[in-house]
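Only one structure is covered here, and it is reproduced in the block below.
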Amino acid sequence: VKLTESGGGSVQAGGSLRLSCVVSQWRFPPPCMGWFRQAPGKEREGVATINSGGSTSYADSVKGRFTISKANAENTLYLQMDSLKPEDTAVYYCAAAFGRGWEDYCPSARPHQYHYWGQGTQVTVSS
C-alpha cells in the first residue's frame, strides 16, 4: 500500500487549501483513513478521520473549518481546509488502517496504530 499526499502550500490566514491523498497498490478503500499533522517541536496529532462507511470525526481545533471526504472510485482521500489560522501550520500526513473492526475503531485510533503513512505535505499559514 502506498499513500501519496499533495496540495500543501503557503496561504494567508483566512485562506483555504485542499489536500489530497491517493491510495495505490491496494484495490479496495481502507476501513479507516485519517489526516494528521505535526508542527515543529510538537507531537503528531489527529486532525480528522473517515471510515469506509463515510462516518467522520474531527479534532476540536478544526471543527467547522476542515472537511474530510473520500472518492472511493479514485481511492483518494481529501481534506478541505478553510478559514486557516497560523496555528494550522504543520506537515500534514494521511494514514490508513486495515483489519477487522477498524471501521468502528476509526475515530478512537491513535497515530501509532495506523499501518501506512504518506510522506507528508507542508502547510504554512501566515498572519
Side-chain angles (χ1 to χ4, degrees):
V1 178
K2 183 177 180 183
L3 280 64
T4 306
E5 301 103 333
S6 62
S10 297
V11 65
Q12 289 192 327
S16 298
L17 285 172
R18 189 174 84 153
L19 306 183
S20 299
C21 172
V22 177
V23 182
S24 58
Q25 301 176 18
W26 186 258
R27 184 175 177 184
F28 301 105
C32 175
M33 294 198 71
W35 286 100
F36 296 81
R37 65 187 182 187
Q38 188 166 17
K42 294 188 176 182
E43 291 187 356
R44 190 168 297 188
E45 63 175 0
V47 174
T49 68
I50 187 167
N51 68 12
S52 54
S55 295
T56 59
S57 68
Y58 296 91
D60 288 342
S61 58
V62 306
K63 279 181 182 176
R65 301 188 298 121
F66 289 11
T67 304
I68 188 172
S69 63
K70 60 189 178 78
N72 287 337
E74 292 82 30
N75 249 2
T76 302
L77 179 73
Y78 300 102
L79 185 68
Q80 177 67 40
M81 305 185 294
D82 299 317
S83 302
L84 282 161
K85 305 176 181 179
E87 50 264 43
D88 294 319
T89 295
V91 178
Y92 283 72
Y93 300 88
C94 66
F98 296 82
R100 183 177 296 178
W102 266 95
E103 185 166 325
D104 295 327
Y105 187 63
C106 196
S108 306
R110 304 298 297 277
H112 72 276
Q113 296 174 295
Y114 281 76
H115 303 115
Y116 297 96
W117 290 84
Q119 81 287 352
T121 185
Q122 177 70 46
V123 171
T124 302
V125 184
S126 57
S127 57

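Note that the numbering runs from 1 along the sequence shown for the chain. Note that the coordinates shown come from a computational prediction; the quantities given were computed from them, not determined experimentally.
The shortest heavy-atom contact between Arg44 and Pro111 is O-CG, 4.0 Å. Smallest separation of non-hydrogen atoms from Ala97 and Pro30: O-CB, 3.9 Å. The minimum heavy-atom distance linking Gln113 with Ser108 is given by the pair OE1-O, 4.4 Å.
A continuous path of hydrophobic side-chain contacts links Tyr116 to Met33 [ILVMFWY only; heavy atoms under 4.5 Å]. Both Leu77 and Val123 are members of a single hydrophobic cluster when ILVMFWY side chains are connected at heavy-atom separations under 4.5 Å.
Separating the CG atom in Asp82 from the CZ atom in Arg65 is a distance of 9.0 Å, to the nearest 0.5 Å. With rounding to the nearest 0.5 Å, the separation of CG in Asp88 from CG in Leu17 is 10.0 Å. Rounded to the nearest 0.5 Å, atoms CG (Leu84) and OG (Ser16) are 6.0 Å apart. For the atom pair CD (Glu103) and CD1 (Ile50), the distance works out to 10.5 Å, reported to the nearest 0.5 Å. Put simply, CG on Asn75 and OG on Ser24 are 8.5 Å apart, with the number rounded to the nearest 0.5 Å.
A donor-acceptor distance shorter than 3.5 angstrom exists from the side chain of Tyr58 to the backbone of Ile68, with no hydrogens or angles considered. The main-chain N or O of Phe98 is found under 3.5 Å from a side-chain atom of His115 such that the two form a donor-acceptor pair. Not a single donor-acceptor pair under 3.5 Å links the side chain of Thr89 to the backbone N or O of Glu87.
Proximity of Val47 to Leu79: side-chain heavy atoms (C-beta onward) are separated by under 4.5 Å at one or more points. Within the 4.5 Å cutoff, the side chain of Met81 has heavy atoms near those of the Tyr92 side chain. Between Glu5 and Leu3 the shortest side-chain heavy-atom distance does not fall below 4.5 Å. With a 4.5 Å cut-off on side-chain heavy atoms, Lys70 and Tyr78 do not count as touching. Contact of the Thr121 side chain with the Val91 side chain is not registered, since no non-hydrogen atoms from C-beta on lie closer than 4.5 Å.
Every residue meeting the side-chain hydrogen bond (donor to acceptor under 3.5 Å, both in side chains) condition with Ser57, not counting sequence neighbours, appears here in chain and number order: Thr49. With sequence neighbours excluded, the residues satisfying ring pair (Phe, Tyr, Trp, His ring centres under 6.0 Å) with Tyr105 are Trp102. Among residues two or more places apart in sequence or in another chain, the salt bridge (Lys or Arg N to Asp or Glu O under 4.0 Å) test is passed with Glu45 by Arg37. Remark: Ser69 pairs with no residue by the side-chain hydrogen bond (donor to acceptor under 3.5 Å, both in side chains) rule, at least two apart or across chains.
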*Check the pair Val1 / Val23 against side-chain contact (heavy atoms from CB on, under 4.5 Å), numbers first and verdict last.*
CA-CA 7 Å; Val1 178; Val23 182; 4.0 Å; yes
*Please assess Ser126 against Gln12 for the test side chain to side chain donor-acceptor pair (under 3.5 Å), listing each intermediate value before the final yes or no.*
CA-CA 5 Å; Ser126 57; Gln12 289 192 327; 4.9 Å; no
*Check the pair Phe66, Gln80 against side-chain contact (heavy atoms from CB on, under 4.5 Å), reporting the backbone distance first and the verdict last.*
CA-CA 5 Å; Phe66 289 11; Gln80 177 67 40; over 6 Å; no
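The list of disulfide (SG to SG under 2.5 Å) pairs with a residue in residues 7-59, not counting sequence neighbours, reads Cys21-Cys94, Cys32-Cys106. Within the structure, ring-ring contact (aromatic ring centres under 6.0 Å, His included) contacts touching residues 30-54 (residues at least two apart or in different chains) are Phe36-Tyr114, Phe36-Trp117.
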